[in-house]
Every structure is written in structure tokens, then in C-alpha cells.
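These notes are about the structure you will find just below.
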Amino acid sequence: METENNNSANLKLHPIPSPITHLSFMASQIWLRIMAAATSIAAVILLLNSRQSKVLFGTDMDARYTYSPAFKFFMFMNVVACALSVLSLLPVVTLGRKFSNSINYFYLFLHDLMLAILLAGGSGAATAFAQVGKYGNSHAGWMPICENFGKFCHKAFSSLVLGYIAVFCYVLLVVISANKARQIPV
């Protein structure tokens, strides 16, 4: 009976080690940041090249991302995410040193959380606008444009898919960073 009490006391004194080792933490941080930067810049390039012109009813019509504030916001957030993903590789590499300050993991978590929220907001706004472009809005009298501007819509859709992959990468980074920041001694 007494040995059981000693064993339970010993279990309470020793924290449960994280299943993620430091090396896998570093590898996942670097890989996910590179993946987020690559998908973000690919989404921007696709959206920048999504212009389409067409003659409808004798009038020359254009479909461009610049006509939508939602697409502009989406593009800007992806540029910011790409730049900050690349810039955040330096702090991640410095965290790999043995004598780095453990509070930096918390700052990394806040950075990842901020970017995940901004990317999700940009992707959500662009998705709402893309939905109106594809299906229209009969209550407001807006007709769908994707029937006439298919190339533009396909590129915008592909850009949105890449943007959501970047969001997913940052959500994973938030979870990994939160797990590492949780281990900071208070």
C-alpha cells in the first residue's frame, strides 16, 4: 500500500514528456513554414494572372481580382504570410540552439496564431466573393459570372485552394507552437 502511494507521488513529480522531440519540432516548424510560404506565393501568382477579357452583348468586359476588395485583401494577406513565413525561419533556427530563451516559443506561438487568423480572414472574404461570382445572388439581382469568365473563376478557385492549404499549415504551426510553449517552466 505504501509503495503504491510512493509511486503515485513520483508520477506527480515528473511531468509527462512531450511525444514531439526537439528535432522533430524543428523539422516540422521549418517544413511547414516553407510549405506555407510556397502555397501563399503560389496563390498570389495565380490571382495576379487571373485576368480575363470577353466581349458580351457588344461590350468589352473584364474580370480582375482588383475589382474586388475581398480578393485584394486575400492577396495582401498571402503576401504578408509569405514574407513573415520566410522571416520567421530565422527565429525558428535560433530556437534550435540549446541555450535559447524558452519564452521565445510563446512569441512564436503568438506569431503563428496571428498569421493563421489573418490568412483565415482573407481566405474567408475571398471565398464569400467567389461564391457570389459562381452562383450569383438572386435577391440582390447579381448574376453569376463564372459561366462567362470560366478561366478567371478557375484560377481564382485554385488560388483559394492554395490559400486554404497555407491556412492549414499555419493552424498546424499554431498547435505545434502551443504544445512547445506549454512546456515552458513558469
Side-chain angles (χ1 to χ4, degrees), residues 18-52 63-131 133-134 151-184:
S18 174
I20 298 177
T21 64
H22 188 68
L23 182 61
S24 63
F25 168 77
M26 295 301 297
S28 63
Q29 285 283 321
I30 292 169
W31 185 83
L32 284 170
R33 287 178 198 288
I34 291 171
M35 186 73 166
T39 55
S40 291
I41 199 65
V44 168
I45 290 169
L46 267 175
L47 199 57
L48 284 173
N49 293 321
S50 64
R51 180 175 183 244
Q52 185 179 2
R64 299 180 189 187
Y65 83 93
T66 57
Y67 295 157
S68 163
F71 280 148
K72 286 184 201 177
F73 180 63
F74 173 72
M75 190 197 66
F76 182 70
M77 285 302 106
N78 277 292
V79 168
V80 167
C82 178
L84 290 178
S85 293
V86 171
L87 289 175
S88 68
L89 285 171
L90 181 65
V92 167
V93 170
T94 59
L95 283 175
R97 297 182 310 174
K98 292 204 182 256
F99 300 110
S100 63
N101 191 353
S102 60
I103 194 71
N104 291 337
Y105 293 116
F106 180 70
Y107 295 138
L108 191 63
F109 164 72
L110 290 178
H111 170 268
D112 296 341
L113 183 63
M114 177 191 66
L115 277 179
I117 290 169
L118 290 173
L119 277 173
S123 296
T127 301
F129 190 78
Q131 193 269 341
K134 183 168 175 90
K151 183 177 126 186
F152 171 78
C153 288
H154 289 305
K155 284 188 176 185
F157 175 76
S158 299
S159 179
L160 281 170
V161 168
L162 289 170
Y164 277 111
I165 292 171
V167 170
F168 181 70
C169 287
Y170 262 99
V171 167
L172 287 177
L173 281 166
V174 165
V175 170
I176 292 169
S177 297
N179 184 40
K180 193 68 170 179
R182 170 179 69 86
Q183 299 169 3
I184 298 172

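What you are looking at is a predicted structure, and each value in this text was computed from that prediction instead of being measured.
- Surrounding OH of Tyr164 are more than 12 heavy atoms belonging to other residues, nucleotides or ligands, all under 6.0 Å away.
- Shortest non-hydrogen contact noted between Val174 and Ala116 is CG2-CB, 4.1 Å.
- Between the CG atom in Asn78 and the CG atom in Leu115 there is a gap of 10.5 Å [rounded to 0.5 Å].
- Nearest heavy atom pair, residue Val167 against residue Ala120, reads CG2-N, 3.8 Å.
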- Item | Step-by-step side-chain contact (heavy atoms from CB on, under 4.5 Å) determination, His111 to Leu87 | CA-CA 11 Å; His111 170 268; Leu87 289 175; over 6 Å; no
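- Formation of a donor-acceptor pair under 3.5 Å by the Thr39 side chain with backbone atoms of Ala36 is found in this model.
- Note: Lys72 NZ to Leu47 CG = 11.5 Å, rounded to the nearest 0.5 Å.
- Smallest separation of non-hydrogen atoms from Ala37 and Cys82: O-SG, 3.6 Å.
- Closest approach of Leu46 and Leu162 over heavy atoms only: CD1-CD1, 3.7 Å.
- Between Ile176 and Leu32 there is a side-chain heavy-atom pair separated by less than 4.5 Å.
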- Message: side-chain contact (heavy atoms from CB on, under 4.5 Å) for Lys151 and Asn49? Distances and angles first, verdict last.
- Response: CA-CA 10 Å; Lys151 183 177 126 186; Asn49 293 321; over 6 Å; no
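- Interatomic distance, Ile41 CD1 to Ile45 CD1, rounded to the nearest 0.5 Å: 5.0 Å.
- With rounding to the nearest 0.5 Å, the separation of CE in Met35 from CG in Leu172 is 10.5 Å.
- Considering all non-hydrogen atoms of both residues, Tyr170 and Ala81 come closest at OH-O, 4.3 Å.
- Separation of atoms CG (Leu118) and CZ (Phe73) is listed at 6.0 Å; rounding is to 0.5 Å.
- Between Phe74 and Ser159 there is a side-chain heavy-atom pair separated by less than 4.5 Å.
- Taking the side chain as every heavy atom from C-beta outward, Gln29 and Ser177 approach each other to under 4.5 Å.
- With rounding to the nearest 0.5 angstrom, the CG atom of Asp112 is 4.0 Å from the CZ atom of Arg33.
- Val161 pairs by the side-chain contact (heavy atoms from CB on, under 4.5 Å) definition with Phe157, Ile165, not counting sequence neighbours.
- The main-chain N or O of Ser123 is found under 3.5 Å from a side-chain atom of Thr127 such that the two form a donor-acceptor pair.
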